[in-house]
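Notes follow the structure.
The structure displayed is predicted, hence computed values, not measured ones.
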Amino acid sequence: MTRYNIRETEEKWRRVWAEKRCFEVTEQGNKEKFYVLAMLPYPSGRLHMGHVRNYTLSDVVARYRRAQGYNVLNPMGWDALGLPAENAAMDNKMHPATWTYSNIEAMRAQLKSMGLAIDWSREVTTCDPSYYKHEQKMFIEFYKKGIAYRKDSLVNWDPVENTVLANEQVVDGRGWRSGVPVERRKLNQWFLKITDYADELLSALKSLDRWPEKVRLMQENWIGKSSGLQFRFDVTGSRDQIEVFTTRPDTLFGASFVALAADHPLAKKYGAGKPGYDAFIKQCQAAGTSEAAIEQAEKLGFDTGATVQHPFIPDHMLPVYIANFVLMEYGTGALFGCPAHDQRDFEFATKYNLPILPVVIPEGADPKTFQLKGEPYTGPGKLAHSGFLDGLETETAKRAAIRKIEDMDKGFGTTIWRLRDWGVSRQRYWGCPVPMVHCDACGIVPVPDDQLPVTLPEDVTFDKPGNPLDRHPTWKHTSCPSCGAQATRETDTFDTFFESSWYFLRYCDAHNDKEAFSAKASKYWMAVDQYIGGVEHAVLHLLYSRFFTRALRDCGYTVPDEPFAGLFTQGMVTHMSYKDVDGKWIAPADIQSGHNGGMFRISDNAPVTPQRVEKMSKSKKNVVDPEDILSTYGADAARLFILSDTPPDRDLEWTEAGIEGAWRYVNRLHRLVTEANAVKPSAVSSYSAATTALRRQAHQTAAGVAADIEAFHMNKAVARIRELSNAIGAFTAKDDGDRAALREAMEFMVIGMNPMMPHLAEELWSLLGHQTLLADTAWPKADPALLLADTVTIGVQVNGKVRATITLPASAGQKETEEIALADPHIVKSLEGKTVRKVIVVPGRIVNVVAG
RNA sequence: GGGCGCGUGGUGGAAUGGUAGACACACAGGACUUAAAAUCCUGAGGUCGCAAGACCGUGAGGGUUCGAGUCCCUCCGCGCCCACCA
């Protein structure tokens, strides 16, 4: 028995593909393009299984589309700027650049061992000045266009990372990386006006019909559009006004209080000095934002004693509270409460004994007698006790109330957004320098084109906290590009999401030194036809990129509105975690199973117990190193296992048994082809029934695998290949016709498995005697006649229960099917003593005999 | 609290409203072997039965239908996202 030498064979074909530059592409106007993109990796040092899954999926798509005749762009690069490099520099006394570039070397080698059909000539590294100089230019263009601006603002300050975080990077009040509670600080920062694009970013989501519904919903919620009324209350006995926003202007007549955020300017004015004020404010600021904290937090208020005038009811005054549930960041930082129709206001009013007046009456209820049943009514209805709004439906009443307020010149109908502008300033070294100069005389001056890029200084130290750029002895000192006077460089660097917001455009024209990318290249390759990555980027990266592309468009770049026409989000890779008797986590690689099924530590045979299947993480030690897998089992087995069982959008549990099973199958396929007696026969005119069945299956497999891959049902595609290989294994060739069919079936199988197991497929293709590369071979065209079965086996039911199966010609019609079904002995027996009332016949599908 | 999704054998999972459990993993039995590994063959949703077969079966309950894992309603459980959002 010949053994398949995985290592040598896989390396051989990778070498051939590289030497022949199989996957390097150029723009070819006469050929339809297909842009496959996997989210670019951060060069942390080693590939993890999530990467392997991601790039396996993108490679399946790339190789498949290539076989379908597309000009496929499948690029790779490195998201190389960011905090881990700087932290590593501090830990290891190593320059971030050294750390980053050596990581890229290591990871590139690992990636290459996966046998990916990537155009490596377009490799992009974002920390290279030849990359970031273009984004510095973009930023200056944004600035001139008013898309980039500077403002003082309260920012989320991460005290561990010593930098600002965007709202999107704060999770449950904690830094997304450091996990420590963020502080509020006022800083002068660079922002991008993503809010100007809120409406477009929201409405265009509808056009993204090849995006997961889930991701579109998440973005919709994140953008958070609310329409309503913004208006001013007059404070009694003062010229102050309190501006509030509401989505329920229809309930204004049910208002019983006004509430201010603790950090609202008027809160201090009306509350300061009153007993209990200081303590109350302190309590508000201490409140957590975690799930548990929100769940338990009581609605608390502080009565300022001030009152406001109701806009519609003369001499009706509402008390002004400071309340812990009002957010300064949302709306106007103040609201009016209508307890009868809002859960939160209801709780507040109950606690402080404020009036609860229902003004929206549900359909069918009598306005005179309607009473709340211990909870607010939030549904639609007709207005009551509401003056000029009485009798109107909720939606009509909203419009009427807005019109009235607008007539009174006290406010206006408006839309507010949850989305905030994107703060892009970071006070760290290993990022792209913001290309701006601060001049005492001229203010903020962009660095002129001919002085770009502004590069990072190399001689920096990380021994002290804070921004190394700021304390560098000379770097920030420069002259003003405008007046020539002494000036200071901006020492902030960009948020690293800046780089990943346009890298897909750079791939289109990676070596262009003059511009970020040419209009021609962008026009040909964009948009990305299939983007693949983790769902964790559903709002951050994917929203920023959609915005960034539009901002570039508005600065005159040739780009489509939407950068990613198709998106697929893959699930996580999980693994069982294990603990020893002392409760310490034990890595799977250090565990062996005992004879009785128990698990033991290899080093000392101490028993270990499985915990749970969870995301691979260093802390739980349940990680499997792809490099070990790739060198032990080969790339094809690893790819096959990842694709074979679990649908790509679900979490994949990595198991030893699974990868070994995949490895055995790779070997079996090799044996199947090398041991088969398949020679290229002379002309064949007719086939036996068994042989036709094999041919039929081969053609159906070619068509079915294609359909499955296009639908991202990779597990089903693999199952089809296995079915065909099982059929080939069971087939005995008796004559030349059989051998011809067998060979055809094997070729179809090899082409079909190529996207999943490219090395083995290429080897088998060569073993079948081909001089040309499988990588350059077209997907087989299935014979339509063979796709249709000549016979079908269908179930015959009696009263909905299957009592028999019958096999009949596929062409059998209604009448013939019914006759065969009713003649079946099982059916005859089942119908004994019964009267047939009705026979449902769906030819080729089912027969159901209704009898009683 | 709001939104979305998912519940199918021991396990991963298949199934345009039409034979539930494809294809695998794990398991059991057998062949080969001195033995093991590898490989090959066979079996298998559950209950009863030597078998033929019968009955039950897709989280629970109801409904629509000739026919429901699939559609509708109620409930339970799990997962993800958002969240004192006015």
Rounded to whole angstroms, how far apart are [atom1] on [X] and [atom2] on [N]?
{"X": "A/Gln230", "N": "B/C85", "atom1": "CD", "atom2": "P", "value": "18 Å"}
{"X": "A/Tyr665", "N": "B/A26", "atom1": "OH", "atom2": "P", "value": "15 Å"}
{"X": "A/Leu652", "N": "B/G79", "atom1": "CG", "atom2": "P", "value": "19 Å"}
{"X": "A/Glu614", "N": "B/C80", "atom1": "CD", "atom2": "P", "value": "12 Å"}
{"X": "A/Leu672", "N": "B/A38", "atom1": "CG", "atom2": "P", "value": "20 Å"}
{"X": "A/Glu536", "N": "B/G79", "atom1": "CD", "atom2": "P", "value": "19 Å"}
{"X": "A/Lys838", "N": "B/G18", "atom1": "NZ", "atom2": "P", "value": "18 Å"}
{"X": "A/Asn715", "N": "B/A22", "atom1": "CG", "atom2": "P", "value": "14 Å"}

When all nucleic acid strands are considered with a 4.0 Å heavy-atom cut-off, which category describes [X]: base, sugar-phosphate, or nothing?
{"X": "A/His826", "result": "sugar-phosphate"}
{"X": "A/Arg668", "result": "sugar-phosphate"}
{"X": "A/Ser644", "result": "nothing"}
{"X": "A/Thr793", "result": "base"}
{"X": "A/Val326", "result": "base"}
{"X": "A/Leu327", "result": "base"}
{"X": "A/Arg803", "result": "sugar-phosphate"}
{"X": "A/Asp342", "result": "nothing"}

Taking [M] as the reference, what is the distance to [N] when you measure between their [atom1] atoms (whole Å, please)?
{"N": "B/G12", "M": "B/G21", "atom1": "C1'", "answer": "13 Å"}
{"N": "B/G29", "M": "B/C78", "atom1": "P", "answer": "39 Å"}
{"N": "B/A20", "M": "B/U8", "atom1": "C1'", "answer": "8 Å"}
{"N": "B/G2", "M": "B/C56", "atom1": "P", "answer": "40 Å"}
{"N": "B/G7", "M": "B/C84", "atom1": "C1'", "answer": "32 Å"}
{"N": "B/G45", "M": "B/G67", "atom1": "P", "answer": "27 Å"}
{"N": "B/A24", "M": "B/G13", "atom1": "C1'", "answer": "8 Å"}

The side chain of [X] is closest to which nucleotide in this list: [options]?
{"X": "A/Arg671", "options": "B/C84, B/C40, B/C23", "value": "B/C40"}
{"X": "A/Arg418", "options": "B/G53, B/A83, B/G12", "value": "B/A83"}
{"X": "A/Trp222", "options": "B/C82, B/C25, B/U19", "value": "B/C82"}
{"X": "A/Val842", "options": "B/A22, B/G18, B/A86", "value": "B/G18"}
{"X": "A/Ile846", "options": "B/A86, B/U39, B/G18", "value": "B/G18"}
{"X": "A/Ala657", "options": "B/C81, B/A26, B/C23", "value": "B/A26"}
{"X": "A/Ile840", "options": "B/A54, B/C23, B/C66", "value": "B/C66"}
{"X": "A/Gln797", "options": "B/A15, B/G67, B/C23", "value": "B/G67"}
{"X": "A/Arg650", "options": "B/A54, B/G13, B/G18", "value": "B/G13"}
{"X": "A/Tyr330", "options": "B/C56, B/A86, B/A14", "value": "B/A86"}

salt_bridge([X], [Y]) N-O dist < 4.0 Å:
{"X": "A/Lys398", "Y": "A/Glu395", "value": "yes"}
{"X": "A/Glu614", "Y": "A/Lys620", "value": "yes"}
{"X": "A/Lys615", "Y": "A/Asp651", "value": "no"}
{"X": "A/Arg720", "Y": "A/Glu723", "value": "no"}
{"X": "A/Arg248", "Y": "A/Asp342", "value": "no"}

Under-4.0 Å side-chain N/O to phosphate OP1/OP2 contact, [X] with [N]:
{"X": "A/Lys716", "N": "B/A15", "value": "yes"}
{"X": "A/Arg664", "N": "B/A26", "value": "yes"}
{"X": "A/Asn667", "N": "B/U39", "value": "no"}
{"X": "A/Arg845", "N": "B/C66", "value": "no"}

| note | When A/Val308, A/Thr332, A/Leu318 are each screened for side-chain contact (heavy atoms from CB on, under 4.5 Å) with A/Ile242, the one that passes is A/Val308
| query | Of A/Gly658 and A/Glu653, whose nearest nucleotide on RNA chain B comes first from the 5' end? | reply | A/Glu653
| When you match A/Gly800 and A/Arg722 each to their closest nucleotide on RNA chain B, which lands nearer the 5' end? | A/Arg722
| query | Any donor-acceptor pair under 3.5 Å joining the side chain of A/Asn848 to the base of B/C66? | reply | yes
| message | Is it the case that the base of B/C4 and the side chain of A/Lys214 share a donor-acceptor contact (distance under 3.5 Å, atom types as modelled)? | response | no
Watson-Crick or G-U wobble mate for [N], both contacts under 3.5 Å:
{"N": "B/C25", "result": "B/G10"}
{"N": "B/U47", "result": "B/A54"}
{"N": "B/C80", "result": "B/G3"}

| field | A/Arg671 charged N/C atom sitting above A/Tyr4 aromatic ring, 6.0 Å / 45° | value | no
| When rounded to the nearest 0.5 angstrom, what distance separates CG in A/Leu640 from CE in A/Met753? | 9.0 Å
| Taking the six-membered ring for Trp, is the centroid-to-centroid distance between A/Phe348 and A/Phe325 below 6.0 Å? | yes
